[in-house]
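All remarks here apply to the structure that follows.
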Amino acid sequence: MRDAAFLTSCVAVGLLLSFSLAARQGQDIRCGACRALVDEMDWAISQIDPKKMIQTGSFRINPDGSQSIREVPLARSEGNLLELMESVCERMQDYGERTDPSTNRKSYVRVKSRSGETMDLSEATLDSRVTSSLKFACETIVEQHEDEIIEFFAHETENVKDRLCSKRTDLCDHALTIPHDEL
């Protein structure tokens with residue numbers, strides 16, 4: 001009887017540990033997808049001529065004869081951001097997984113260069129399951145947080161990763177320990 005109770009408690013502890021590990025891995029993939037999404041959106045926005053403007057607002061004429069039209073940069077317009085978000089998750093296939101040896105946390109790094117230059121892939125693992133999980137997480141984030149993404153990219157330009165992925169959406173609970181990219 002005592003052996004059965006001990007075995008049951010061992011199984012329960014094992015299940016709790018495996019659920020905890022699975023939850024942390026899920027957190028890592030969602031955080032990595034959010035951070036990769038921000039990187040890809042930043043890059044795509046930077047490829048658009050900052051001088052290009054688009055008229056937004058209502059084209060209806062107000063009672064006083066004026067119109068409520070304003071010019072905004074094309075790169076950060078809502079229409080352009082929506083268009084970019086439609087294809088941003090496809091670029092998750094360009095990412096690989098890297099495990100931090102000290103914390104055992106997973107992070108996701110670009111493994112395909114945008115410019116064709118050689119990249120150091122020594123610490124990255126390339127796996128189709130990882131890229132499909134990353135793509136699915138990205139699509140889920142875009143679907144669930146579309147308004148926040150548009151809001152941040154239309155108005156914010158600094159610390160979007162931390163502000164969107166940690167503070168607003170709470171997808172990265174450990175963002176302060178992730179090294180920031182240099183621009």
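Predicted model, so just to flag it, every value in this text is computed and none were measured. Atom set for the values below is all heavy atoms of this structure, side chains included, hydrogens, waters and symmetry mates excluded.
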(message) Set out, in order, the CA-CA distance, both residues' side-chain angles and the distance that settles salt bridge (charged side-chain N to carboxylate O under 4.0 Å, His left out) for R168 and E151, then state yes or no.
(response) CA-CA 11 Å; R168 179 60 74 88; E151 177 187 335; 3.2 Å; yes
(message) Under 2.5 Å between the SG atoms: is that true for C172 and C34?
(response)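 Cysteines C172 and C34 do not qualify as a disulfide pair, their SG atoms being 2.5 Å or more apart.
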(message) Is it the case that over 12 heavy atoms from other parts of the model lie below 6.0 angstrom from the CD atom of Q47?
(response)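 Check passes, neighbour count above 12.
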(message) Please check if the number of heavy atoms outside E148 that lie under 6.0 Å from its CD is greater than 12.
(response)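 Counting neighbours around CD of E148, more than 12 heavy atoms of other residues, nucleotides or ligands fall under 6.0 Å, so yes.
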(message) I'd like to check Y95 versus D39 (side-chain heavy atoms, cut-off strictly below 4.5 Å). Are they in contact?
(response)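 Yes; the side chains approach each other to less than 4.5 Å.
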(request) Measure the shortest side-chain to side-chain distance between I149 and L81 over non-hydrogen atoms and say whether it is less than 4.5 angstrom. (result)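 I149 does not reach L81 side chain to side chain.
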Salt-bridge test for [X] and [Y]: reply yes if a basic N is under 4.0 Å from a carboxylate O, no otherwise.
X: D162; Y: R35; result: yes
X: R105; Y: D100; result: no
X: K112; Y: D94; result: yes
X: R129; Y: E97; result: no
X: E40; Y: R110; result: yes

(request) Drop me the distance from I141's CD1 to E146's CD, to the nearest 0.5 angstrom. (result)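 If we round to the nearest 0.5 Å, I141:CD1 and E146:CD are 13.5 Å apart.
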(request) Look up atom CG in N80 and atom CZ in F153, then write down how far apart they are to the nearest 0.5 Å. (result)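 With rounding to 0.5 Å, CG (N80) is 12.0 Å from CZ (F153).
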(request) Would you sort out whether E71 and K52 count as a salt bridge (charged side-chain N to carboxylate O under 4.0 Å, His left out), showing the intermediate values? (result) CA-CA 10 Å; E71 282 197 350; K52 285 189 179 179; over 6 Å; no
